[in-house]
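First the proteins, then the strands, lettered A, B, ... as listed; each starts at 1. Keep in mind that the numbers below use all heavy atoms, side chains included, and drop hydrogens, waters and symmetry copies.
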Amino acid sequence: MASSTKLLTKIPHSFHSLYPTKITLFDFATVQSFNFLKNFSSNADSNIFHNFNFDSFFANLIDNSPQKNNLAQVHAKFFLLGIQQRGFLITKLINAAVNLGEIGYARKVFDEFSDPDVFVWNAIIRGYSKYNLFAGAIEMYSRMQVLWVSPDGYTLPHVLKACGGLPSLKMGQQVHGQIFRLGFEKDVFVQNGVVAFYAKCGKIASAKVVFERLEIRNVVSWTSMISGYAQNGKPIEALRIFGEMREMGVIPDWIALVSVIRAHTDVEDLEHGKSIHSFVIKTGLELESDLLIALTAMYAKCGQVMVARSLFNQMKVPNLILWNAMISGYAKNGYADEAVKLFRDMISRNFRTDSITARSAVLACAQVGSFELARWMDNYISKSEHRDDIFVNSALIDMYAKCGNVDMARIVFDRTLDKDVVVWSAMIVGYGLHGRGREALDLYQLMNQAGVRPNDVTFLGLLTACNHSGLVEDGWQLFHCMKDYGIEPCHQHYACVVDLLGRSGYLDQAYDFILKMPIEPGVSVWGALLSACKIHRHVTLGEYAAERLFSLESYNTGHYVQLSNLYASARMWDRVAKVRVLMREKGLSKDLGYSLIEINGKLEAFRVGDKSHPRSKEIYEELESLERRLKQAGFVPDTYSSLHDLNDEEMVETLCNHSERLAIAFGLISTAQGTTLRITKNLRACINCHSATKLISKLVNREIIVRDANRFHHFKDGVCSCGDYW
DNA sequence: CTAGGGTTAG
């Protein structure tokens, strides 16, 4: 009997020395051990186990269990042997289950244990906290206290993490009070937890008080403060604390550096960010993959997408967050095509995507502006696990609106359950962009009925909608509704109102309104006034607005062009010429106009007078025929404002080869009768092309949708949705 | 069995 006991305890050791890897140990030794265990039951001769050390035997087995099944087998044996109440083994079992990610199983083991001590409680609380199941962690913590089990120095950090993760300021403050009563002032683990908790709740001042009272501050204490400032929009302060930490001679580890890199990212200080990068290389920390992710995100967000991409490529197995950082980096910096390409790459390689990936990819599609791509994205999302995510759906609504199809946006809107203010606002903004003011207002009614409180973006969408549909009265009333909801109007709201008043010719009232603004009027406000002056040919007020604009942004070409357009509309050619001279003196070059048209999901670009297209000859033939038909229909080019316009497009003498006309001609010859043409251009629509496009839509019996720098124009049957005001 | 980090719509 004694020899068999000995043999059993010896198996793991002998195997261990022969096969040092843990997996091997499990495969051989435990299979044998399990076979042995299978052959006895609780009524077996208990003498066999007289001197047997269960703790070390099962501990070994648990440590080497690769799966939940193995743990379950071990657990079953506890009951057979009557040792199911050994806290040490249960703690080990729960921790092992947690490390395997089997939190549900860990909880099951916990629930079958009748009288947990602090170690067992710690194990289960750690489990919930580790997987960000904060409510679970807190629930277990309160149950622990009901049973009068006192927390120790290991319990509290997990609980604090949970309080900060929710975040629940109240709960954390209670825990902080307990910590004080229990006397953990000197426990650096607990105190660091308190610092991080306050920082996560945005109570950075409280975090600082606790931090400064710490007698011993380690790198974790410092990092908690640095990331606290970084996460609360105070990156400069974060960097200052980092400086202090360095002065104290504390060596940053890789997590500290991640926080510092994030702070540099937020201030877009690539110079210092790069020096951190070299520090990382010098200290040999560049093997730390999460540090590389932070660096990738930094370069991507600061616009250095090429550098970011090379770091991305260095990673053998990119993880989800790295993919996200790269995709959102591309999307943010206008590399929408690259973002989409990378997203497609990711799904074709069967990587898991999360809600952030989906949002970034949808955002990129919105920028590309291709309706076909938008449809593909929608199709992908609606079949994925993200289909009910309201963040993703609000991005989809925005995407469809920006890709020219507000009705598809509405379909996404209607299928979105539990709509929040962002979803409602996205739809309202979409209607606004397309000049469908009535529908925007109707939706606002429904939103009120649904009990959703509007915010600043909702009102911006509503005001834009009223503006683009000429609903002056409604807009004016809505603007005054804002204060009922305690929403402070910002520059863009004021600009909308100026636009609104200006549209109906109330220019003096618009000026008066500007003078009464509680905040300093900015570029958007004066720009709106100048536009209105151009429409109504009010030269003196327009000149004043232009003067304000030049003082705010003396190098923005657009303002000079607008002023020149104002003069042209009033036929003041000498002043048009003066603006041109002024621009030359400032060394301003004119923005190049271009248009994109989507044909079978592919985008084709045209510049003014472009002859580079392979089908150029056919395009110009179509253009000439269109021109003839326009003339026959009695179309007279509005030469006075166009010929003297300073836009590059507008400078060209023949008006019929503006980029959008080339795009239209190409669209007509490459699509079937009746197909809708979708065009995107980088500048505002010129008056001539706008009138011409209206007529063309009637002559060729096609719907033509043009997205200009400001809004959408839907041309159909000779009229445009903008009502000729843009 | 402890703590700190990175990606985020309108």
Side-chain angles (χ1 to χ4, degrees), chain A residues 88 91-92 94-96 98-99 118-127 129-130 151-161 164 187-197 199-200 218-228 230-231 252-263 265 288-298 300-301 319-329 331-332 353-363 366 389-399 401-402 420-430 432 455-458 460-461:
Chain A
F88 168 79
T91 305
K92 256 202 139 358
I94 293 174
N95 279 324
V98 165
N99 291 341
V118 67
F119 294 100
V120 179
W121 282 109
N122 286 351
I124 194 70
I125 292 171
R126 165 181 175 263
S129 175
K130 187 181 164 91
D152 67 5
Y154 288 84
T155 325
L156 295 163
H158 299 304
V159 175
L160 287 163
K161 180 187 166 186
D187 187 318
V188 71
F189 282 95
V190 173
Q191 293 301 325
N192 285 345
V194 176
V195 173
F197 155 72
K200 278 239 174 70
N218 61 17
V219 65
V220 178
S221 328
W222 287 100
T223 307
S224 301
M225 283 310 291
I226 293 168
S227 63
Q231 286 163 358
D253 64 2
W254 68 268
I255 298 183
L257 291 171
V258 165
S259 304
V260 172
I261 291 167
R262 149 134 197 201
T265 307
E288 204 60 65
S289 66
D290 291 348
L291 200 41
L292 279 184
I293 293 170
L295 285 167
T296 309
M298 176 183 81
K301 269 202 205 154
N319 77 355
L320 178 61
I321 294 174
L322 180 62
W323 283 104
N324 289 351
M326 199 62 231
I327 292 172
S328 67
K332 267 205 184 122
T353 60
D354 69 359
S355 153
I356 295 177
T357 329
R359 273 180 252 171
S360 306
V362 175
L363 184 71
D389 185 307
I390 57 167
F391 290 84
V392 173
N393 282 337
S394 46
L396 278 177
I397 292 167
D398 176 56
M399 172 191 77
K402 287 194 177 134
D420 71 348
V421 62
V422 179
V423 174
W424 286 97
S425 304
M427 195 62 233
I428 289 173
V429 169
N455 66 10
D456 54 333
V457 180
T458 321
L460 197 54

Participant: So A/D253, base contact, sugar-phosphate only, or nothing? Heavy-atom distance under 4.0 Å.
Facilitator: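 Touches a base.
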Participant: Have a look at A/W254 and say if it touches a base, only the backbone sugar-phosphate, or nothing, with a 4.0 Å heavy-atom cut-off.
Facilitator: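 The residue A/W254 makes base contact.
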Participant: With sugar-phosphate meaning primed atoms plus P, OP1 and OP2, does A/K130 contact a base, only sugar-phosphate, or nothing at under 4.0 Å between heavy atoms?
Facilitator: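 Answer is nothing: A/K130 stays at 4.0 Å or more from every strand.
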Participant: Over all strands shown, is A/E288 touching base, sugar-phosphate only, or nothing at heavy-atom distances under 4.0 angstrom?
Facilitator: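 Nothing: the residue A/E288, judged by heavy atoms under 4.0 Å, touches no strand.
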Participant: Please work out if A/K161 contacts a base, only the sugar-phosphate, or nothing of the nucleic acid, heavy-atom cut-off 4.0 Å.
Facilitator: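 It contacts sugar-phosphate atoms only.
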Participant: Looking at every strand, decide which applies to A/N95 at a 4.0 Å heavy-atom threshold: base, sugar-phosphate, or nothing.
Facilitator: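 Counting heavy atoms under 4.0 Å across all strands, the contact made by A/N95 is with sugar-phosphate only.
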Participant: So what does A/V219 hit on the nucleic acid, given a heavy-atom distance under 4.0 Å: a base, only sugar-phosphate, or nothing?
Facilitator: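 Answer is base: heavy atoms of A/V219 come under 4.0 Å of a base.
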Participant: Determine yes or no for a side-chain-to-main-chain donor-acceptor pair under 3.5 angstrom, with A/S394 supplying the side chain and A/I390 the backbone.
Facilitator: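 Checked: pair present.
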Participant: Could you tell me whether A/G193 contacts a base, only the sugar-phosphate backbone, or nothing, with contacts defined as non-hydrogen atoms closer than 4.0 Å?
Facilitator: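 Since no nucleic acid heavy atom lies under 4.0 Å of A/G193, the category is nothing.
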Participant: Inspect the surroundings of CZ in A/F119 and state if more than 12 heavy atoms from other residues, nucleotides or ligands are less than 6.0 Å away.
Facilitator: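 No, CZ of A/F119 has 12 or fewer neighbouring heavy atoms, counting only those of other groups under 6.0 Å.
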Participant: Taking A/K161 for the side chain and A/G193 for the main chain, is one N or O donor matched with an acceptor at less than 3.5 Å?
Facilitator: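 It does not hold such a pair.
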Participant: Within the structure shown, what part of the strands sits under 4.0 Å from A/R359 by heavy-atom distance: base, sugar-phosphate, or nothing?
Facilitator: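 Answer is base: heavy atoms of A/R359 come under 4.0 Å of a base.
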Participant: Heavy atoms under 4.0 Å, any strand shown: does A/A123 hit a base, just sugar-phosphate, or nothing?
Facilitator: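 Counting heavy atoms under 4.0 Å across all strands, no contact is made by A/A123.
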Participant: Any donor-acceptor pair under 3.5 Å linking the side-chain atoms of A/R126 with those of A/N99?
Facilitator: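 The answer is yes; a qualifying pair exists.
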Participant: Below 4.0 Å from chain A heavy atoms, what is the first contacting nucleotide of DNA chain B and what is the last?
Facilitator: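 So the outermost contacting nucleotides come out as B/dC1 to B/dG10.
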Participant: Has A/D420 got a side-chain atom pairing as donor or acceptor with A/V423's backbone, closer than 3.5 angstrom?
Facilitator: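 Present.
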Participant: Identify the two heavy atoms, one from A/S360 and one from A/S328, that lie closest to each other, and give their separation to 0.1 Å.
Facilitator: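 Taking A/S360 first and A/S328 second, the nearest heavy atoms are OG-CB, 3.4 Å.
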Participant: Can a donor-acceptor pair be found, under 3.5 Å and without considering hydrogens, that links the side chain of A/N192 to the backbone of A/V188?
Facilitator: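 It does hold such a pair.
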Participant: Heavy atoms only, 4.0 Å cut-off, all strands: where does A/D187 land among base, sugar-phosphate and nothing?
Facilitator: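 No contact.
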Participant: Using a cut-off of 4.0 Å on non-hydrogen atoms, how would the nucleic acid contact of A/N319 be classed: base, sugar-phosphate, or nothing?
Facilitator: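 Base contact.
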Participant: By the 4.0 Å heavy-atom rule, please label A/L363 as base, sugar-phosphate, or nothing.
Facilitator: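 It contacts sugar-phosphate atoms only.
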Participant: Classify the nucleic acid contact of A/N455 as base, sugar-phosphate or nothing, counting any heavy atom under 4.0 Å across all strands shown.
Facilitator: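 Here A/N455 touches the bases of the nucleic acid.
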